[in-house]
Structures are given as structure tokens and as C-alpha cells.
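Below is one structure, written out as C-alpha cells, with a few remarks after it.
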There are 2 protein chains.
Amino acid sequence: MRNAEFDREQVLRSAMNAFMRKGYANTSMQDLKKATGLHPGSIYCAFENKRGLLLEALEQYRLDRSAEFEQFFSASQKTIDNLKLYLDNVVVECLSCDNTQACLMTKALNETAEQDIEIQQIISNNLSMLQQAFTEKFEQAKEEKGISAHKDCEHLARYFLMGIYGLRTFAQTHPEPEVLKQLAEQLYQDVLR
Amino acid sequence: MRNAEFDREQVLRSAMNAFMRKGYANTSMQDLKKATGLHPGSIYCAFENKRGLLLEALEQYRLDRSAEFEQFFSASQKTIDNLKLYLDNVVVECLSCDNTQACLMTKALNETAEQDIEIQQIISNNLSMLQQAFTEKFEQAKEEKGISAHKDCEHLARYFLMGIYGLRTFAQTHPEPEVLKQLAEQLYQDVLR
DNA sequence: TTCCTTCTTGAATGTTCGTTCAAGATACTC
DNA sequence: GAGTATCTTGAACGAACATTCAAGAAGGAA
């Protein structure tokens, strides 16, 4: 027997970043080789093919973001404040030029639209989970009297998510800190109101 | 002498749709041949190369959308109502499955990010023009007393555009009419308030 | 009609892509 | 320490890609 030499999670995160930077179609096996340090044969042995690597990278991304999400909501006692922290972090992410700048989910969603139904479905499910997570946080905020009792938490979650999508796209053309912060602030106020 | 047989605008619109459906990288010359009815040689003769075709398609898209934009604001006397009409139309577009479903600008923006700076710049400029057009409409609405006098029209335009971006992305995963209409309604209310 | 210019055609080109595979390297088992 | 199962390597593969180009078709001028 012999174990694989590479760290699977680390490889997946490298692939994740490569896909986010150039998109799925524009990331060649050579790019992936350079990014992951794995030779083509190893990639095909471990992930079946390029698409399999994307599928696992998407799942790793979901896990990582899910963990990150929960971390934000252990920061303060008040859920509504943590939602603001989360939103502010989106802005920070948008502004970090050296980083990937976009969300792997929405990036892959845009690219595989009407082409790969399975990937489309997986991403839809993942984003639905995120939406559900937001819904729960808004319900929690309602219990804490952070938002008014007559609000529809599902709607708030959808609106919040829509705002985040929009913020990310907007940031691609106008990555000006003040503007993005102002937009995020307004989104937060509109959700609270 | 001899004139070209094809209608340039019609070819550009066909290419536009092909690029929107599959994305730039995933649209092959064969796809473009099928979509436009032009043979590779003609395409290269008329547009230099695939990228040149995208560049002209982007410009045609801008022109078409610009004309469509102005049409919305000749519908009613009140600018604020026309903004609602525009927003409702975005929802309708999102829901028309047979159609392209996405905006060529944001689609290409996502795909060429950090890869083709020139295209990136062109799209940024085009989206800035749209933002500017919205700003002017909001200022017009302010003069008509449709929105309160102390509002920052530039900010409103940015927020409105952000909402539209978000709506489009959201629709890709959840194309449910009631949900999208509710989101658009809330966006409109938040902008008015 | 004849000639010339321009457009159209589609097969051919070189390149790059994702993918495969056989040889070599390595660690575990007995 | 020999044997073996598994992983790693990277050259090689066919397919698909964007692009080219020479031959053919067609309109305008004379």
C-alpha cells in the first residue's frame, strides 16, 4: 500500500482559486498543474477529470464558506450586528484585488448556464442553503427584537442575498471603497427597516 | 465592386445571442457559423477575429439597450413610473426561458475578468453610461417631485443598478415569478423611500 | 459580353486542449 | 529485504479549437 502524497483539501483550494481567477473553461490543465502542483495523471486519478475537479472544488468551497459563515455569527451577541459584519466582509472581499474577487458559485453559475444542468443544480442547491442560513439568522434576529416582528424572514434573506450578488457584480466595474460601503450600508438599512 | 451579402447588424445580434447563451469561451466558430450563417472566412474578413466579433457585438448590444432604455421613458409622463416599468421588464426578461436570460455585459465581464483588460474597460465604460442614464432619470424624477429632494441621485442610480445585477443573478437559481416580482417591488420601494 | 474587383466558401493549418497510459518511484506488508 | 500494490510522472494521443488561404462565385464597369 501507499498513500497519496498531496493534501486533498489544499489541492482543491488551489483549484478553486484557479477556477475563480480565470473561470472554468479558461483554466487549462496546465494552469491546474501549476496551481495544484499535481501532474495531469494524478489529477485524473484523483478526480476523474477536469469537471470532477470542479465538482469537488465546489463542494470544498461550500464547506469553507459555510464554516466561515458560522464564524461570523459567533462574533457578537446580537445577530443583526453579525449580519452587518458579514456584509462588511463582502465589501472587503470585493476590494481585495490580489484575491479571487468573485464567488466561485456565481462565477461557475454564469459560465455553465444552460450547458451543464447537473452543475447548475448543485450550485442552485448550495445557494439555496446559504439563503436558508440567512433566513435562520433573520429569524434569530427577530427573536432578539433586532428586526420588527411582522417581517418575512424568507423575503429578507432573499433580498439580502440579491444585494450581495449585486454588490459583487457592481464591484467588478467600480471597486471604490466608499461607494461599495455606502451601497452595503443602504442594503443593511433597507433590510432592517 | 461588390457589396457584402449579409446584414451586419443582424449578424451581430445573432453573435450576441450565441455569446449570451454559451459564454464567449464556450462559443466555438462552428457555433458562430451556425448562429450567424457566415462562414469562418467571412467572419474573419468582416471582424478580424472572434474577439473582434465580441467587441462589435458588445457595441451593438450597448446601442440596442440604449435605444430600448429611452423607449421605456417615453411610456408615461412620470419618470418614476417608467423606472418601475423598466424594473418590471428586467423581471420579465429573467423569466423568459427561451431567451438569453442574462446580460451580455455582465456575462462577458464575469468571463474576461483579469484576462482581457481592454474588454473589461469597455464593459466598465458601458455600464457607467447606463448608471449615468439612471442618474439622469432619477434627477428628472426629483424635479417631478417623484422622489424627495434631499436624495442623492447618483447613489440611487448605483443602488438601482446593483439591485438589477442582483436580481439577474438571483433569477438564475430561483426563476420563480412571484419571488422575483416581490424582490423588484422591494427594490423599487427602497429606492423611492 | 468581358474583365476586374470583391466577397464567399470550406478544406487545410498549426496550436492547444483534455485525456490516457506505460514506465518509474515509493511505501507498506510479510 | 524481497514482493507488491499504489501513486507519480510526463510524453503521447486524438479531438477540437481559432485562424488562414486559395479557389470559386458574383456584382459592377466598360
Side-chain angles (χ1 to χ4, degrees), chain A residues 1-58 104 107-108 111-119, chain B residues 1-58 104 107-108 111-119:
Chain A
M1 285 287 246
R2 187 186 167 196
N3 293 327
E5 284 175 9
F6 60 86
D7 179 346
R8 200 172 180 90
E9 281 192 18
Q10 198 177 312
V11 164
L12 284 172
R13 292 205 182 92
S14 303
M16 239 164 60
N17 287 328
F19 286 141
M20 279 194 275
R21 200 171 306 115
K22 304 187 72 178
Y24 175 68
N26 278 323
T27 304
S28 67
M29 278 315 285
Q30 278 215 33
D31 292 331
L32 289 170
K33 181 187 166 188
K34 203 183 294 178
T36 63
L38 258 56
H39 290 251
S42 297
I43 293 179
Y44 277 78
C45 183
F47 305 101
E48 197 184 341
N49 53 25
K50 188 184 168 187
R51 186 173 175 274
L53 182 56
L54 174 64
L55 284 170
E56 278 211 40
L58 279 168
L104 179 60
K107 185 117 182 172
E111 204 174 340
T112 63
E114 297 192 50
Q115 290 183 86
D116 194 320
I117 302 167
E118 194 192 341
I119 287 181
Chain B
M1 284 290 242
R2 187 185 167 197
N3 294 326
E5 286 176 7
F6 60 87
D7 177 348
R8 200 173 180 89
E9 282 192 19
Q10 197 176 312
V11 164
L12 284 172
R13 292 206 182 92
S14 303
M16 238 165 60
N17 286 328
F19 286 141
M20 280 194 274
R21 201 171 306 115
K22 303 187 73 179
Y24 176 68
N26 278 322
T27 303
S28 67
M29 278 314 284
Q30 277 216 32
D31 293 331
L32 289 171
K33 179 188 166 189
K34 203 183 295 177
T36 62
L38 258 55
H39 291 251
S42 297
I43 293 178
Y44 277 79
C45 183
F47 306 101
E48 197 183 342
N49 53 24
K50 189 184 166 186
R51 185 172 174 276
L53 183 56
L54 175 64
L55 284 170
E56 280 212 39
L58 279 168
L104 180 60
K107 186 118 183 171
E111 204 173 339
T112 62
E114 297 191 51
Q115 289 184 89
D116 194 319
I117 300 168
E118 193 191 344
I119 288 181

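Within every chain, numbering begins at 1; the chains are lettered A, B, ... in the order of the sequence lines, protein sequences first and strands thereafter. Being a predicted model, the structure only gives us computed values, none of them experimental.
Nearest heavy-atom pair across B:Leu104 and B:Ala57 is CD2-O, 4.1 Å.
Residue A:His39 has no polar side-chain atom (N or O) positioned under 4.0 Å from OP1 or OP2 of D:dT8.
Salt-bridge annotation for A:Glu111 and A:Lys107: absent, with no side-chain N of the basic residue lying under 4.0 Å from a carboxylate O of the acidic one. In this structure, A:Arg21 does not pair ionically with A:Asp31, as no charged nitrogen and carboxylate oxygen lie closer than 4.0 Å.
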Nucleotides 16-21 of chain D: protein proximity per nucleotide (B base, S sugar-phosphate only, - neither; heavy atom, under 4.0 Å): -SSBBB
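Here the P atom of nucleotide C:dT19 and the CG atom of A:Leu32 are 11 Å apart, to the nearest Å. Regarding A:Lys22, its NZ atom lies at a distance of 13 Å from the P atom of C:dT16, rounded to whole Å. To the nearest angstrom, P of D:dG10 lies 12 Å from CG of A:Leu38. One atom, CZ of A:Arg8, and another, P of D:dT8, lie 11 Å apart when rounded to the nearest Å. Atom CZ in A:Phe47 sits about 12 Å away from atom P in D:dC7, given to the nearest Å.
The distance from atom CZ of B:Phe19 to atom CG of B:Leu53, rounded to the nearest 0.5 Å, is 4.5 Å.
Heavy-atom contacts from other residues, nucleotides or ligands closer than 6.0 Å to CD of B:Gln115 number more than 12.
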With a 3.5 Å cut-off and sequence neighbours excluded, list the donor-acceptor pairs that the side chains of residues 37-47 of chain B form with protein atoms.
none

